[in-house]
Amino acid sequence: ARRHGAGSIRAFSSATLQTTRDRSSLSIEVSEALENGDIIPWFQPQVSTDTGTVSGMEALARWNHPEHGIIPPDEFIYMIEESGLIERLGEIILYHAFTALQAWDKAGIDVPTVAVNFSATELANPALVDKIRWELDRFELAPSRLTVEILENVISYSENDTITRNITALSQLGCGIDLDDFGTGHASISNIRRFAVKRIKIDRSYVTRCDIDREQQDMLAAILTMAERINLETLTEGVETVGEHAMLAQLGCGHVQGFSIAHPMAFDLTMEWMENHRQK
Ligand code: C2E
Ligand code: CA
Ligand code: CA
């Protein structure tokens, strides 16, 4: 029988990868998959609550596996982290994100920004800002086209000077800085200031049933009021219903992202989605 000690939680938590055998062979495959181009970003729109127009697309990693199909990041990013390949993943996702921006531009499709998730390991690399600047130049993109998503907890606990310096430099360069999963970690107002955060990305846990649950509503209202007072822009993620979307607009949240607008989709589907969205 399976034991259910603390250490086994992760090993048996996956929906897609049923067995430990699947997992151990996968962690070997993951580096190959990276270089083969089997790991690429899908894109999920972010929409302005004022105008309804797309303000950005978040790049979310997907592994297109020949046997298992599309594997979501929670099931393989830790393997990449453990294999020391997280920076390589970052480079690949950034490359595809900029390639997509260039393609949308060429097609006359208005996607103002692309948002990319950066891990603590990547943010601790002294060469990060140069790498990003080099890619921006190569693709002839203004720095403002890139939004850097950083987990709230990375700035909450970090005593790392390089992380501070990198985030500040990216902000000064003109990139957007979004504080991801806001409300789940321990960022203080002084941390938010010190790291030049421009926008908070309010976690999904605050959104669920906010249109009918008074407590959720009050919590959101408090966060949004705080943000407005200290001049932070706001984006809420995990917006699943039209009711939640409407409530967030009413409470003054600037931008929303979630299944109520669109699920993450492969690049090829974004063009058509944008066309349909524009016509609405
Ligand atoms: P995240 O950055 O918080 O991304 C949001 C997650 O919520 C995504 O899961 C997205 O597909 C999902 N989502 C979007 N809208 C809704 C909704 O309305 N309802 C619900 N229930 N979920 C929604 P995904 O794509 O599986 O990504 C999981 C996490 O993996 C991300 O969480 C992010 O932390 C990490 N990740 C994804 N791509 C990358 C990457 O390129 N680099 C790094 N370092 N991390 C990544
Ligand atoms: Ca994110
Ligand atoms: Ca998030």
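Atoms within each ligand, like the ligands themselves, are counted from 1 in listed order.
- Inside a 4.0 Å radius of atom 32 (O) of ligand 1 there is not any protein heavy atom.
- For atom 7 (O) of ligand 1, the nearest protein heavy atom lies 4.0 Å away or farther.
- The aromatic rings of F259 and H263 lie parallel to each other, their planes meeting at an angle below 30°, with 60° marking the opposite boundary.
- In this structure, of D178, T208, I77, the residue bringing a heavy atom nearest to atom 43 (C) of ligand 1 is I77.
- At under 3.5 Å, a nitrogen or oxygen of N117, whether backbone or side chain, sits near a nitrogen or oxygen of ligand 1.
- Put simply, the side chain of L85 does not reach to within 4.5 Å of the side chain of M79, judged on heavy atoms.
- Distances from the Ca ion (ligand 2) to the N/O/S atoms of D180 are shortest for OD2.
- At a heavy-atom cutoff of 4.0 Å, ligand 1 is contacted by the side chain of P264 but not by its backbone.
- The residue H263 has no part lying near ligand 1, judged by heavy-atom distances below 4.0 Å.
- In I93, the part holding a heavy atom less than 4.0 Å from any atom of ligand 1 is the side chain.
- Counting only heavy atoms, the protein gets under 4.0 Å from atom 27 (O) of ligand 1.
- Inclusion of R62 in the set of residues having an N or O under 3.5 Å from an N or O of ligand 1 is warranted.
- Counting just the N/O/S atoms of E149, the one with the shortest distance to the Ca ion (ligand 2) is named OE1.
- For a threshold of 3.5 Å applied to N or O pairs, the pair formed by A61 and ligand 1 contains at least one separation below that value.
- With 3.0 Å as the limit, E237 counts as an N, O or S neighbour of the Ca ion (ligand 3).
- The aromatic rings of W63 and F76 sit perpendicular to each other, their planes meeting at more than 60°, with 30° as the lower class boundary.
- Taking only nitrogen or oxygen atoms, main chain and side chain alike, I86 does not reach within less than 3.5 Å of ligand 1.
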Requested in this report: Kindly indicate, with the supporting measurements, whether the criterion salt bridge (charged side-chain N to carboxylate O under 4.0 Å, His left out) is fulfilled by E244 and R209.
Outcome: CA-CA 7 Å; E244 291 165 357; R209 294 165 53 83; over 6 Å; no
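- Taking any N or O of R204, backbone or side chain, at least one lies under 3.5 Å from an N or O belonging to ligand 1.
- Closest approach between the Ca ion (ligand 2) and any N/O/S atom of E58 involves OE2.
- In L151, neither the side chain nor the backbone holds a heavy atom less than 4.0 Å from any atom of ligand 1.
- Between R145 and D105, at least one side-chain nitrogen of the basic residue sits less than 4.0 Å from a carboxylate oxygen of the acidic one, meeting the salt-bridge criterion.
- Protein heavy atoms all stay at least 4.0 Å away from atom 12 (C) of ligand 1.
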